[in-house]
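Computed from heavy atoms alone, side chains included, the values below leave out hydrogens, waters and symmetry copies.
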Amino acid sequence: MNRISKRILSFIVIATVAVSVSACSNMSKRDKNTAVGAGVGAVGGAVLTGGSSVGTVGGAAIGGIIGHQVGK
């Protein structure tokens, strides 16, 4: 996957996560931060590891944990 395709894919994933989270008005702030953190972490992990599924899942897990802690 070339560099431009990765950036386009990252933008699409981030936009999808943002729209999905904004549609869940009954979620607490902590839940929203966890979801956004997981989405951003997944994109970051995918980009940093060249699309590796392990990197994507690892990034999502770490991002979710960070988002959860920020939501306190």
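Considering only residues two or more places apart in sequence or on other chains, Thr56 meets the side chain to side chain donor-acceptor pair (under 3.5 Å) condition with none of them. When the side chain to side chain contact (heavy atoms under 4.5 Å, CB included) test is applied to Thr49, the partners found at least two apart in sequence or on another chain are Ser52. The side chain to side chain contact (heavy atoms under 4.5 Å, CB included) search around Val47 returns Ser10, Val43, not counting sequence neighbours.
Shown here for Arg30 and His68, the closest heavy-atom pair between the two residues is CD-CE1, 3.1 Å.
Remark: Ile65 CD1 to Thr34 OG1 distance equals 10.0 Å, nearest 0.5 Å.
Under 3.5 Å, the side chains of Ser28 and Asp31 contain a donor-acceptor pair of N or O atoms.
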